[in-house]
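Encoded as structure tokens, the structure appears first; notes follow it.
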Amino acid sequence: MARDYVLQPFRAPVELRLDYARELNPQQLAAVTALPGPALVLAGAGAGKTRTLTYRVAWLVEQGIPPENILLLTFTNKAAKEMMGRVAALLGQQLDALWGGTFHGVGHRILRRHAELLGYGRDFTILDRDDAEDLLHTCLGEADIDVKVTRFPKADALLEIFSLAANTVRTVPQILERQFQHFLELTPALEDLQRRYAERKRADGVMDFDDLLVLWLRLLREQAEVREHYQRRFQFVLVDEYQDTNQLQCDLIDLLAARHHNVMAVGDDSQSIYSWRGANFLNILRFADRHPGAKVYKIETNYRSTPEILTLANAAIAPNVNQHPKELVAVRQPGPKPVLVVCPDAGAQAAFVAQRALELREEGASLNDMAVLYRAHFHALELQLELTRRNIPFSITSGIRFFEQAHIKDVAAYLRLVANPRDELAFKRLARMLPGVGPKAADKLWRRFRETLEKNEPAVENASTASPPPLASALQTIADVVPRKSAVAWAQFTATMAQLEAADTRGNAAKMITLIVEAVYEDYLKQTFANYQARRDDVEQLASFAQQFTGLEDFLAQLALLTNVEAEAENKAANNDERLKLSTIHQAKGLEFGVVFVIMLCDGLFPSARSVASPEGEEEERRLFYVAITRAKNELFLCFPLIRTTGATGGDVFQQPSRFLKELPRELVEEWNLQTFGGMR
């Protein structure tokens, strides 16, 4: 009977340039030197994930794997360049042949080589967001959809729906059912529009950002020779931040690694916080199910935080049922206990953060190494006001400044026009929000409106006794020049302005904001923005914020002041090295600070009220809390107010501390109850 005899390839002993055992801790070393085969590396917060990946690439190269046979996938070009630069420095050689970059970058590189197999030329162009919106508008015209009558979603919201469908590998109806139920009745029209959009892109030889992944996957699935080429080429696939992959990215990884099965996924399921943008938490949770025989390596040694902070972090994430259990272990010396700060109200919470930050600065800490983290942007309104009063420099790293966001400026425009009917910018902004009104039509309406105001101004000698006609009346007068398709919306706009300028409403900014939302703006939010609910929350908080001002003009003046303060804070950030950082937790992921304040830890705010509707949502919020805690190196302050002012009526509402605070063993925190003195608030 014949039998197979396997010849083993001869290799001379490998002379390693690096002393891996000296450079890495035992857990890192085990992952870096792992034998071929699928591997999941669970790298806890502050445990040296980047170092592990970098040394893994170096190890593979030193073991004789040609760089061109290694694929390193990351979520940012910066991360890819940093890791490849570190590997080159470690090995003392350039690795130009190594394929490293973002998913979209690698997809683009491959599609340039094989686009003709998908009906594209290799000279295809990539649409930016504005270009994609323009093309979508063209498709809307071809579909003959009356977007004004049906309250059809705006292009930005449409692109978000199509993008989520692509990245989560779901249909448009499924996306609408899960996240956009207010558009469900438009399902057939949206499916038709999605088809038209795809066909137009192909006909025009263009791709949008999502196509770089969608068409890459289609190429591999439909073209056997291409698939086999890249499966043979990429003998080792390494993936960074695996917990943030969506279903489309996961399918790509699985397909590329299907021949050699040498895929190493590095991430931390406890820091999976991006489901709202399509990330699939189950990818990291079920990695071993999709890759039988996968080895799991845990890297739990934390170099960032004190033992007290890490013990609290471990306790914070423990209640999550769906997780790979980990226990962060500190190498640093003990420090102070994390502090639970019970504040009388939101104003006192802001005063505490400001005062404590200055005290720590006096003790030698830099404002530059302090951060205030929060669940949502509006949670920091009172704090911004307090820091401004005390002249404490700060920078806001939560994306667009709160008062510069489109929805905040929209609502403010209504108030500004009531306060000053001659406000041209406010008038034109509101006019352009109406269907069928572009810049030219808005300018025409403004000129007619201004003429109407001027004709009806009282004579100078009677100015003290006469008053200009109501704003709504002037708006009604110019209805004859309003575009026909805008007639219904203009009538609603006029009626809303009449309500806003009524005697029992005009002086109450909070009441006016609530009326604006209920009368017209909620529908506009739904139609215009994919994240309309979060924006509605912002506007509601603006109404609560307005309660502290005595009149409309006072509120608008403060709004303008805070807008300028935010802008000045960012300008100072470029010139002044020291400033307190304000950031949402999502944007602070990956960063670290000596001192961290986490504010507004109230149930319904953090976790958010909507998130706790499902166990999955609550667990993601708990992971967000864990991320916030693990940003702190030396000191951590967890703050919540006992009372908050909410809604247009300005009522004081007692707050329950976050359920996440209640889950923490009391012996792990030191509780501070704030005392107020000398007429403070």
Side-chain angles (χ1 to χ4, degrees), residues 305-313 315-316 319 334-363 365 367 370-376 378-387 389-390 392 544-545 547-548 580 582 585 593-607 621-622 625-626 628-629 631-646 650-681:
S305 307
T306 61
E308 290 78 7
I309 292 173
L310 292 185
T311 301
L312 191 74
K337 272 188 179 183
V339 179
L340 176 61
V341 187
V342 184
C343 309
D345 55 33
Q349 177 182 249
F352 165 74
V353 172
Q355 178 176 308
R356 187 61 184 147
L358 290 179
E359 289 172 348
L360 291 168
R361 186 174 183 273
E362 288 294 318
E363 295 171 10
L367 289 178
M370 302 182 202
V372 184
L373 306 182
Y374 34 83
R375 172 65 180 82
F378 67 77
H379 292 176
L381 283 180
E382 293 87 355
L383 178 60
Q384 291 181 53
L385 195 60
E386 187 68 27
L387 295 174
R389 288 175 181 149
R390 298 187 184 219
I392 298 175
S544 298
F545 182 66
Q547 281 295 327
Q548 61 189 285
L580 184 65
L582 276 58
I585 302 167
F593 305 92
V595 179
V596 168
F597 300 86
V598 186
I599 63 173
M600 284 297 180
L601 280 162
C602 307
D603 228 45
L605 293 179
F606 193 180
E621 291 285 293
R622 191 175 286 107
F625 183 49
Y626 173 85
I629 291 174
R631 299 312 94 199
K633 295 189 291 185
N634 306 321
E635 296 193 53
L636 174 67
F637 299 90
L638 306 175
C639 313
F640 76 93
L642 292 170
I643 295 175
R644 284 183 67 242
T645 301
T646 61
D652 287 341
V653 178
F654 283 99
Q655 299 294 305
Q656 288 293 321
S658 170
R659 64 193 66 190
F660 302 152
L661 294 178
K662 295 179 180 179
E663 293 169 350
L664 299 175
R666 278 290 176 261
E667 67 272 12
L668 300 184
V669 297
E670 181 179 337
E671 187 169 325
W672 291 6
N673 293 295
L674 297 192
Q675 304 295 318
T676 59
F677 297 95
M680 173 185 168
R681 288 178 177 74

ask   = Are the side chains of Val342 and Glu671 in touch, meaning some heavy atoms are under 4.5 Å apart?
value = yes
task = Decide yes or no for Leu385 and Phe545: does some side-chain heavy atom of the first lie under 4.5 Å from some side-chain heavy atom of the second?
result = yes
ask   = Only one of Asp603, Leu601, Val341 forms a side-chain contact (heavy atoms from CB on, under 4.5 Å) with Phe640, so which one is it?
value = Leu601
inquiry  = Do Met370 and Arg356 have side chains that approach each other closer than 4.5 Å (heavy atoms only, starting at C-beta)?
reply    = no
query = Can you check whether Pro334 reaches Glu308 side chain to side chain, under 4.5 Å on heavy atoms?
reply = yes
key: CA sep, side-chain torsions, deciding dist, call: Leu636, Val598, side chain to side chain contact (heavy atoms under 4.5 Å, CB included)   = CA-CA 8 Å; Leu636 174 67; Val598 186; 4.2 Å; yes
key: Identified side-chain contact (heavy atoms from CB on, under 4.5 Å) partner of Leu638 from the options Val339, Val596, Leu312, Ile599   = Leu312
inquiry  = Measuring only between side-chain heavy atoms, which start at C-beta, is Pro657 closer than 4.5 Å to Lys662?
reply    = yes
message = Over 60° means perpendicular and under 30° means parallel, so tell me whether Phe625 and Phe660 are parallel, tilted or perpendicular.
response = parallel
task = Going by the side-chain contact (heavy atoms from CB on, under 4.5 Å) test, name the single residue among Leu340, Val595, Val669 that passes it with Phe637.
result = Val595
key: Any side-chain heavy-atom pair of Met600 and Gln655 under 4.5 Å   = no
remark   = What one should report as the nearest heavy-atom pair of Ser305 and Leu310 is CB-CD2, 3.7 Å
message = Distance check, rounded to the nearest 0.5 Å: Glu663 atom CD versus Leu661 atom CG?
response = 9.0 Å
ask   = What pairs with Thr311 under side-chain contact (heavy atoms from CB on, under 4.5 Å), at least two apart in sequence or on another chain?
value = Leu668
